[in-house]
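Notes for the one structure printed next.
Every value quoted in this text rests on a predicted model; they were computed, and no experiment measured them. We use all heavy atoms of the structure for the numbers below, so side chains are in, but hydrogens, waters and symmetry mates are not. To find a chain, count down the sequence lines: A is the first, B the second, and so on, and within it residues start at 1.
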Amino acid sequence: MTLPPAPPLITLRGVTRRYGTVTALEEIDLDVKKGEVVVLIGPSGSGKSTLLRCVNALEQPDAGEVLLDGERVDAARKDVDRLRAEVGMVFQHFNLFPHLTALGNVALAPRLVRGQGDAKARALLERVGLADKADVYPDMLSGGQKQRVAIARALAMEPIAMLFDEPTSALDPEMVGEVLQVMRDLARDGMTMVVASHEMGFAREVAHRVAFMDGGRIVEAGTPQEVFERPSHDRTKAFLSKVLRA
Amino acid sequence: MKALLVRLGVTAAVAGALVAALWQFDLDFSIPWRYRDLYVEGLGRTVAATGLAFGVGMVLGVAVALLRLSRRLAIRHLGDLYVELIRGTPFVVQVWIAYFGVATLLRVDNKFFVGTLALGVFAAAYMGEIFRAGIESVERGQVEAARSLGLSHVQTLRHVIFPQAFKRMIPPLTGELIALTKESSLLYLIGLVEMMAVAKQVGADTYRNFEAFLVVAAMYLTLTVPLSLFARRLERRLKRSERTGVHL
């Protein structure tokens with residue numbers, strides 16, 4: 001898939017994040033254009049999660065800067081809540097609010113932050129194929145259903161970009177497909193997405209760009225064809241040979 | 001059902017043994033019965049003082065919990081100091097300090113007001129710990145999900161953290177209410193005429209101390225046992241709801 005030229009929506013410049021002596025992210029540079037789908041691959045602990053969390057100000061970089069549509073993302077900003085609302089985040093373990101129904105989960109933020117009613121939340125549940133589960137509590141939903149509610153919840157604030165932190169890693173294999181289908185539809189509709197994932201098939205099919213991360217760095221990035229067919233780094237080759245054989 | 005029968009059986013046996021033991025004394029409950037209006041008045045004051053103190057403890061306790069959960073060390077330490085000062089001294093001492101020190105300083109001589117306030121301040125230290133533990137028991141991911149949606153810190157607390165934490169706090173809070181009911185008996189020291197004071201007065205007036213205090217013991221039990229049964233039932237339902245996902 002090709003994209004028209006456009007200014008980057010998300011920009012990371014020299015982003016570095018350390019936990020004590022451990023460097024989780026080191027000098028990350030990344031541009032994500034409007035409508036682009038970037039899939040981050042790499043072993044556990046390579047910094048994919050931390051990178052996503054810096055974009056949503058859930059983590060504060062020790063150095064470098066993150067720009068969202070030209071605005072600096074900083075947890076210390078007074079209007080950080082507004083910035084966070086512009087980026088939807090989907091978590092590995094769903095993090096649904098257990099005391100609220102599926103509809104309540106989706107409708108909460110639009111109601112509190114923007115004073116909106118439930119109509120759009122219902123439409124979003126329908127969009128992820130769960131209109132009939134509106135009044136059901138999360139613990140009565142399957143893993144795949146939970147994650148689809150979580151995606152609907154993240155879409156409810158009409159974000160300009162979506163971040164997915166290993167959205168299918170906690171799912172039983174038979175439920176992965178339904179979640180990936182929702183994500184595929186989102187990508188088709190032109191949503192800007194950054195996805196940390198081990199789903200190589202999804203990356204190959206949906207990503208405009210794949211970035212391989214290891215040890216807190218982006219080792220290499222390119223089209224799925226470039227990264228999967230002709231990886232230039234040994235570490236990428238080693239990683240791919242392990243995950244693609246499996 | 002069988003468990004209930006066993007409980008009832010054992011309770012009946014113990015009650016029987018108690019009655020048999022008390023039979024050895026020459027008891028005359030018609031004497032405290034003559035003072036029934038006074039007992040009821042004392043009961044009312046015990047319930048009112050405990051209930052109000054519980055309310056004060058609730059408000060102050062949330063404040064103490066928020067202090068102790070602050071990101072700033074200085075504020076956190078303020079909360080720690082409160083809990084240490086209150087939990088490190090006996091309530092009797094606090095009652096006297098409230099009566100002689102604070103009441104004199106503020107020129108307040110309403111015993112009910114001073115006693116209730118002292119009890120509330122005392123309760124807040126324990127309730128603050130219950131609130132803190134409840135808030136901390138909510139997973140970190142809940143806060144992150146809420147904040148990532150653009151909810152403010154306060155909105156996250158009010159709409160995401162508190163509703164989940166509160167459910168888990170009900171059983172320990174009920175325990176605290178039971179403790180306060182009993183603790184309120186110390187307010188007789190400053191001259192508040194609650195249940196305990198009535199028992200002392202009836203005992204002194206009639207020389208029937210044993211009957212006077214047996215009656216008041218039974219009255220405390222009628223307040224605390226239902227609460228305790230309620231807490232136990234709730235705890236069982238809570239455990240089941242966390243296992244099977246049935247909501248309270």
Those residues of [range], ordered by number, that approach chain A below 4.5 Å (heavy atom to heavy atom):
range	value
residues 58-72 of chain B	none
residues 110-139 of chain B	none
residues 87-97 of chain B	none

Atom of [X], atom of [Y] and distance for their closest heavy-atom approach:
X	Y	result
A:Arg53	B:Glu144	NH2-OE2, 2.6 Å
B:Gly141	A:Asn95	O-ND2, 3.1 Å
B:Ser148	A:Asn56	CB-ND2, 3.2 Å
B:Gln142	A:Phe97	OE1-CD2, 3.1 Å
B:Leu149	A:Ala154	CD2-CA, 4.1 Å

Side-chain atoms of residues 113-121 of chain A: list all donor-acceptor pairs with protein atoms under 3.5 Å, sequence neighbours left out, distances to 0.1 Å.
residue	atom	partner	partner atom	Å
A:Arg114	NH1	A:Met157	O	2.9
A:Arg114	NH2	A:Met157	O	3.4
A:Gln116	OE1	A:Lys120	NZ	3.1
A:Lys120	NZ	A:Ala156	O	3.0

Do B:Lys167 and A:His99 have side chains that get closer than 4.5 Å, going by heavy atoms?
->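 They are not in side-chain contact.
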
Does A:Gln60 CD have over 12 foreign heavy atoms under 6.0 Å away?
-> yes

Would one find more than 12 heavy atoms of other residues, nucleotides or ligands at under 6.0 Å from atom CZ of B:Arg76?
-> yes

Top residue by heavy-atom pair count (under 4.5 Å) with chain B, among A:Pro159, A:Ala57, A:Ala109, A:Gly88?
->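 Among the listed options, the one with the most contacts to chain B is A:Ala109.
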
Top residue by heavy-atom pair count (under 4.5 Å) with chain B, among A:Leu83, A:Leu163, A:Val87, A:Leu96?
->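 Greatest number of close heavy-atom pairs with chain B: A:Leu96.
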
For the pair B:Leu151 and A:Leu108, evaluate side chain to side chain contact (heavy atoms under 4.5 Å, CB included) and give the outcome as yes or no after the intermediate values.
-> CA-CA 9 Å; B:Leu151 265 63; A:Leu108 182 71; 4.0 Å; yes

To the nearest 0.5 Å, how far apart are CE in A:Met89 and CZ in B:Arg147?
->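 Between A:Met89 CE and B:Arg147 CZ, I get 14.0 Å after rounding to 0.5 Å.
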
Against chain B, label A:Leu112 side chain, backbone, both or neither, depending on which of its atoms sit under 4.5 Å from a heavy atom there.
-> both

